[in-house]
Amino acid sequence: MSDTSNIFEPGFDKKVEISYDNLPNSSFEDVNLGGATFTNVSLKNANFEDVNMDEAIFDNISMQSSKFTDMYMVNSRFLGVNISGSRFGCSIMNNVEFKNPDLKNSQFVHCDLTGVEISDCKIDGLKINGIDIQKLLEQHEKEL
């Protein structure tokens, strides 16, 4: 951009295109970027606070070592997402569907699993409070 000013004047329906530019440590406050497209952009160490990302699409994104707190993600979909090594704490995950995930070696601690249904799942080594569930189910089948 040829303008040497660091201040952008507000404008309605203004379209700004920034290509091949370097804007480290920039701040954007009270900016409407609805419908914006970000391609081949580095947001490493970026901080997002009080941001509305309703209906946003994240595709082919690296978010290693990212931190997500106080997020409202109702009706969100995670497809083909690798969450290995991730930790979820103090989260509300009501009416969540996990379809074809690989949850090997995961831990669920202090969870409310009321009404949870598990079906058609591989459960080798699955333990609840130290009880091997596969063995428990095998014993149950013998008693029927």
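The analysis underlying the following values was restricted to heavy atoms, covering all of them including side chains, and did not include hydrogens, waters or symmetry mates.
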(message) Same cluster or not: Met73 versus Ile61, using hydrophobic residues (I, L, V, M, F, W, Y) connected whenever any side-chain heavy atoms lie under 4.5 Å apart?
(response) yes
(message) List the residues meeting salt bridge (charged side-chain N to carboxylate O under 4.0 Å, His left out) with Asp102, not counting sequence neighbours, and say none if there are none.
(response) Lys104
(request) State whether the number of non-hydrogen atoms from other residues, nucleotides or ligands found under 6.0 Å of Leu79 atom CG is greater than 12. (result) yes
(message) To the nearest 0.5 Å, what is the distance between CZ on Phe98 and SG on Cys121?
(response) 11.0 Å
Name the atoms and distances for all side-chain donor-acceptor pairs under 3.5 Å in residues 24-40, with sequence neighbours left out.
| residue | atom | partner | partner atom | Å |
| --- | --- | --- | --- | --- |
| Ser26 | OG | Leu23 | O | 2.7 |
| Asn32 | OD1 | Gly34 | N | 2.8 |

(message) Please enumerate all residues that pass side-chain contact (heavy atoms from CB on, under 4.5 Å) together with Asp124, with sequence neighbours excluded.
(response) Lys122, Gln134
(message) Between Phe108 and Phe88, is there shared hydrophobic-cluster membership here, with clusters defined by ILVMFWY side-chain heavy atoms closer than 4.5 Å?
(response) no
(message) Test of understanding: with side-chain hydrogen bond (donor to acceptor under 3.5 Å, both in side chains), list the residues that count as partners of Glu141, not counting sequence neighbours.
(response) none
(message) Are Ile123 and Ile131 linked, directly or through intermediate hydrophobic residues, by side-chain heavy-atom contacts shorter than 4.5 Å (ILVMFWY only)?
(response) yes
(request) Please say whether more than 12 non-hydrogen atoms of neighbouring residues, nucleotides or ligands are located less than 6.0 Å from CD in Glu49. (result) no
(message) Test question: given the 4.5 Å side-chain rule for I, L, V, M, F, W and Y, name all other residues clustered with Val116, or answer none.
(response) Leu113, Ile118
For residues 90-97, tabulate all N or O donor-acceptor pairs below 3.5 Å that involve a side-chain atom, not counting sequence neighbours.
| residue | atom | partner | partner atom | Å |
| --- | --- | --- | --- | --- |
| Ser91 | OG | Gly89 | O | 3.2 |

(message) For Glu138, is the CD atom crowded, meaning more than 12 foreign heavy atoms sit under 6.0 Å from it?
(response) yes
(message) Quick one, Phe78 with Ile83, criterion side-chain contact (heavy atoms from CB on, under 4.5 Å). Give me CA distance, side-chain angles, the key distance, then yes/no.
(response) CA-CA 10 Å; Phe78 299 90; Ile83 59 172; over 6 Å; no
(message) For residues Ile57 and Phe68: do they belong to one hydrophobic cluster (side chain heavy atoms under 4.5 Å, members Ile, Leu, Val, Met, Phe, Trp, Tyr)?
(response) no
(message) Would a single hydrophobic cluster contain both Leu103 and Leu137, if residues Ile, Leu, Val, Met, Phe, Trp and Tyr are joined by side-chain heavy-atom contacts under 4.5 Å?
(response) no
(message) Checking Ile128 now: which residues fulfil side-chain contact (heavy atoms from CB on, under 4.5 Å) with it, not counting sequence neighbours?
(response) Ile133
(request) With sequence neighbours excluded, tell me which residues meet side-chain hydrogen bond (donor to acceptor under 3.5 Å, both in side chains) with Glu117. (result) none
(message) Could you go through Phe48 and Met53, starting from their C-alpha distance and side-chain angles, then the distance that decides it, and tell me whether this counts as side-chain contact (heavy atoms from CB on, under 4.5 Å)?
(response) CA-CA 10 Å; Phe48 298 91; Met53 290 189 173; 3.9 Å; yes
(request) Could you list all the side chain to side chain donor-acceptor pair (under 3.5 Å) pairs where at least one residue sits in residues 54-79, not counting sequence neighbours? (result) none
(request) Show which residues join Leu144 in its hydrophobic cluster (side-chain heavy-atom contacts under 4.5 Å, direct or indirect), or state none. (result) none
(request) With sequence neighbours left out, write down each residue that passes salt bridge (charged side-chain N to carboxylate O under 4.0 Å, His left out) with Lys142, or none if nothing qualifies. (result) none
